[in-house]
Amino acid sequence: MTEGRDVQWVEVGEGQAGQRIDNFLVTRLKGVPRALVYRIVRKGEVRVNKKRVKADTRLATGDMVRIPPLRLSPREAVREVSDNLRNLLAGSVLLEGRDWLVINKPAGLAVHGGSGVKIGLIEALRQVREDLDFLELVHRLDRDTSGCLLLAKSRPALLALNESLKQQRMDKQYLALVAGRWPTRRDFVSARLDRYTLGNGERRVRVDPAGKVARTRFAVREAMPQVTLVQAEPLTGRTHQIRVHAVHAGHALLGDDKYGSREGKALARQLGLSRLFLHAAALTFPEPTSGRPVQIRAPLPDDLEGVLMRARTLG
């Protein structure tokens, strides 16, 4: 059903019931930046059952959503997915269920656009997977981190997976290469973390007694002459938690341009490491409908395998 030129009226299906109108529009309007979605909602150009709504309005099955015609300026438009990125993402699906999928996220790709990033993984996937009416991140990975990333293909699945995350029924295992010899007795770091902003607007995290509770379990996987490969399991989900806890323990991650030590930066150059050595190697979560455990592993990328090979030869 249309109203005037290019105006659309879209009926909300069962899969979108309970979803916020802003998220519904972001998923529906592939390539449209979230800031523009907020603007058209605020101006009343988006209606639900012919009534004005707010961005956090929840939809119900059968609701009729009015979507106005949108004409993006070059500055506003989300960049189209390149053929290279399209092929990369298509080949990065580790496992897919009826209402979820796990991507082996490439390093260097932000999970979502914003702050100068024209396109992130979620925006790109919404363009690549045109068969999906719903696609949302369950959790996030830092831009420079590679590995297992879980996404939901329906709102009920998103709610169930978010609850599993909240109840700590989701297990995430990372591999990290740190400077120096990590002591085998140091298997647990508990230090409160606080977020702050630098003068240039960059966000950072530091250990602060007034911060939020944060706990990480570490295990030595391989001790080498000047570095240590550790397995890190975040028991809480704070921003940059593994990276800051490793620094707090005296062993910064190699390739960390935010929190890295001078020693670590020198070692990274020596080993030919050009990015953060942090990889989401394994993910276990309860399947949203059946509750059965799903276990997925992402192999260490070739560039990081090469760094490990060179690290073993250091004197």
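Keep in mind that what you see is a predicted model, and the values were worked out from it rather than measured.
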Practice task
Please check if any side-chain donor atom of Thr216 sits under 3.5 Å from a side-chain acceptor atom of Glu233, or the reverse.
Solution key: no

Practice task
Indicate whether the side chain of Gln167 and that of Glu163 have a donor and an acceptor atom separated by less than 3.5 Å.
Solution key: yes

With the threshold set at 4.0 Å, does a side-chain nitrogen-carboxylate oxygen contact exist between [X] and [Y]?
{"X": "Glu222", "Y": "Arg312", "result": "yes"}
{"X": "Glu96", "Y": "Lys153", "result": "yes"}
{"X": "Arg20", "Y": "Asp22", "result": "yes"}
{"X": "Arg243", "Y": "Asp142", "result": "yes"}
{"X": "Arg275", "Y": "Asp303", "result": "yes"}

Practice task
With Arg186 as the cation and Phe218 as the aromatic partner, state whether NZ or CZ is under 6.0 Å from the six-membered ring centre and within 45° of the axis.
Solution key: no

Problem - Ring-face cation of Arg204 near Tyr259 (centre distance under 6.0 Å, axis angle within 45°) - result: yes

Can you establish whether the number of heavy atoms outside [X] located under 6.0 Å from its atom [atom1] is more than 12?
{"X": "Glu14", "atom1": "CD", "answer": "no"}
{"X": "Arg297", "atom1": "CZ", "answer": "no"}
{"X": "Arg169", "atom1": "CZ", "answer": "yes"}

Handout entry: Nearest-0.5 Å distance, NZ of residue Lys105 to CZ of residue Arg140
Key = 12.5 Å

Exercise for the section: Please assess Gln19 against Arg155 for the test side chain to side chain donor-acceptor pair (under 3.5 Å), listing each intermediate value before the final yes or no. Expected result: CA-CA 7 Å; Gln19 189 176 17; Arg155 177 161 177 80; over 6 Å; no

Exercise for the section: Please answer: with hydrophobic residues joined when any side-chain heavy atoms are less than 4.5 Å apart, are Ile242 and Val247 in the same cluster? Expected result: no

Problem - Geometric class of the Trp182/His251 ring pair [parallel <30°, tilted 30-60°, perpendicular >60°] - result: tilted

